[in-house]
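Since this is a predicted model, take the numbers as computed values, not measurements. Here, residue 1 is the first one in the sequence, and each next residue gets the next number. We count ligands from 1, going down the list as the structure has it; atoms in each ligand are counted the same way.
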Amino acid sequence: MTACDFQPGLEGIPAAQSQVSFVNGQVGKLEYRGVPIEALAEKSNFLETAYLLIWGEFPNADDLEAFQEEITHHRRVKYRIRDMMKCFPESGHPMDALQASAAALGLFYSKRALDDPTYIRQAVVRLLAKIPTMVAAFEHIRKGNDPVRPRDDLSYAANFLYMLNEQEPDPFLSHVFDTCLILHAEHTMNASTFSARVTASTLTDPYAIVASAVGTLAGPLHGGANEEVITMLAEIGSVENVRPFLAEKLATKSKIMGFGHRVYKVKDPRAKILQKLVEKLFARSDNDPSYEIALELEKAVAEKLGGKGIYPNVDFYSGLVYQKLGIPTDLFTPIFAIARVAGWLAHWREQLETNRIYRPSQVYIGEHGLPYIPPEHR
Ligand code: SDX
């Protein structure tokens, strides 16, 4: 292995063969199991899309109903996990709370019967069902309140918004949120999915895999960008300040949150769909300048960085949607995790089919044969 073989960040290096999803970054195409994201966003719902991703085919009506019922039945979380959350500092980030509680699930369901289809399905159902409940629970616990119990009569998306706000959500807002979950469910070999596959390749349990992926997603260069975008738009404050703000960022070689992508060199197709949702939501609301600022920033960045293939990614508009849904900013990335659990679980199952533990090599650039230096001579 020579230095010329080394590719920082494994850019462009295939780490797996996969059928879960496909991206063409030059034309802005994304497909889940061969189905264009545009069709799924328009016609499907998150649990049906999760089933497609994880099991590789659309469920028939009975299978979908059974899947939805199982997930509804498993939404509740052990009281001991809720009690554990009460020991977390209220100032802690919800992604850290989610990572800790996802790993804690493994304490209750740790059996690693990876060759047992029933175990696999139970783990899929429990993680899809309980992750939203844990995200919503910490939101209340960190404020000193009791969590809101899940409601079995509400859809997956509506139940999450209910557990968060303790109000039955407007059906349009539930639909918008469900569409966001579809758009964030899967995206080939991104950092957190790669993390999931590496962890899965050691044959550990799915709860440890999800905890590992949550930790990876939390970073501002990955899933954490959506929270940063809202902070950035607030800092810009007005359309007139967009270009001065951008000039300063570029002068200091700072990254503009919500822009750029390792694969997409055109506007992220998910950003296009999210932008349509933002337009609908902002049409219903008061004169909030955030969307106008975002549009002006998109235009300005295209002028300055479009030549380098830097355009809005999935995180640029998602935050504006969540803000209009009344979701606290630091829950944006946990919501990304709620959706991406579907993709991580799909890749877990696929990794198990032809598993070989990940163990890449390295290019050693250190020294050899150095002597031990005793403390008194250092
Ligand atoms: C997600 O991989 C996935 O699929 C991820 C994701 C998913 O669904 O899982 O799509 C979700 O993580 C979206 C990305 C969210 N992150 C951000 O919005 C943070 C800002 N973006 C950048 O940090 C960056 O664009 C990355 C991390 C997303 C991609 O970085 P790359 O591919 O490593 O690109 P790079 O850092 O090598 O940049 C190449 C050039 C550099 O300029 P030069 O030094 O060559 O002159 O483009 C510039 C960078 O400075 N650049 C940016 C920029 N992104 C790249 N300049 C300003 N602002 C940016 N956002």
Subject >> atom 37 (O) of ligand 1 touched by protein heavy atom at under 4.0 Å >> reply: no
**OP:** Determine whether any heavy atom of G258 lies closer than 4.0 Å to an atom of ligand 1.
**Re:** yes
Original post:
Among protein heavy atoms, which sits nearest to atom 29 (C) of ligand 1, and what does the distance come to when rounded to 0.1 Å?
Top reply: R262 N, 3.7 Å
Subject >> Protein heavy atom under 4.0 Å of atom 8 (O) of ligand 1 >> reply: yes
Original post:
From atom 26 (C) of ligand 1, is the closest protein heavy-atom distance below 4.0 Å?
Top reply: no
Original post:
Parallel, tilted or perpendicular: which describes the rings of Y207 and Y109, with under 30° parallel and over 60° perpendicular?
Top reply: tilted
Subject >> From T188, V229, I310 - option closest to atom 47 (O) of ligand 1 by heavy atom >> reply: I310
Original post:
Among K255, M189, H187, which one has a heavy atom closest to atom 35 (P) of ligand 1?
Top reply: K255
Subject >> For atom 41 (C) of ligand 1, closest protein heavy-atom neighbour >> reply: K308 NZ, 4.3 Å
Subject >> Per-atom contacts of ligand 1 with N190, taking only distances under 4.0 Å to non-hydrogen atoms >> reply: 2 (O), 3 (C), 4 (O), 5 (C), 9 (O)
**OP:** Give the minimum heavy-atom separation between M163 and T133, together with the two atoms involved.
**Re:** CE-CA, 3.7 Å
Original post:
Is E228 near ligand 1, meaning one of its heavy atoms is under 4.0 Å from it?
Top reply: no
Original post:
Taking atom types as modelled, is there a side-chain donor on N190 or T193 under 3.5 Å from an acceptor on the other?
Top reply: yes
Subject >> ligand 1 contact by K253, heavy-atom criterion under 4.0 angstrom >> reply: yes
Subject >> E186 and S21 side chains, donor-acceptor separation under 3.5 Å >> reply: yes
**OP:** Just need the protein heavy atom nearest to atom 58 (N) of ligand 1, so name the residue and atom and give the distance.
**Re:** I256 N, 2.8 Å
Subject >> Min heavy-atom dist S254 to ligand 1 below 4.0 Å >> reply: yes
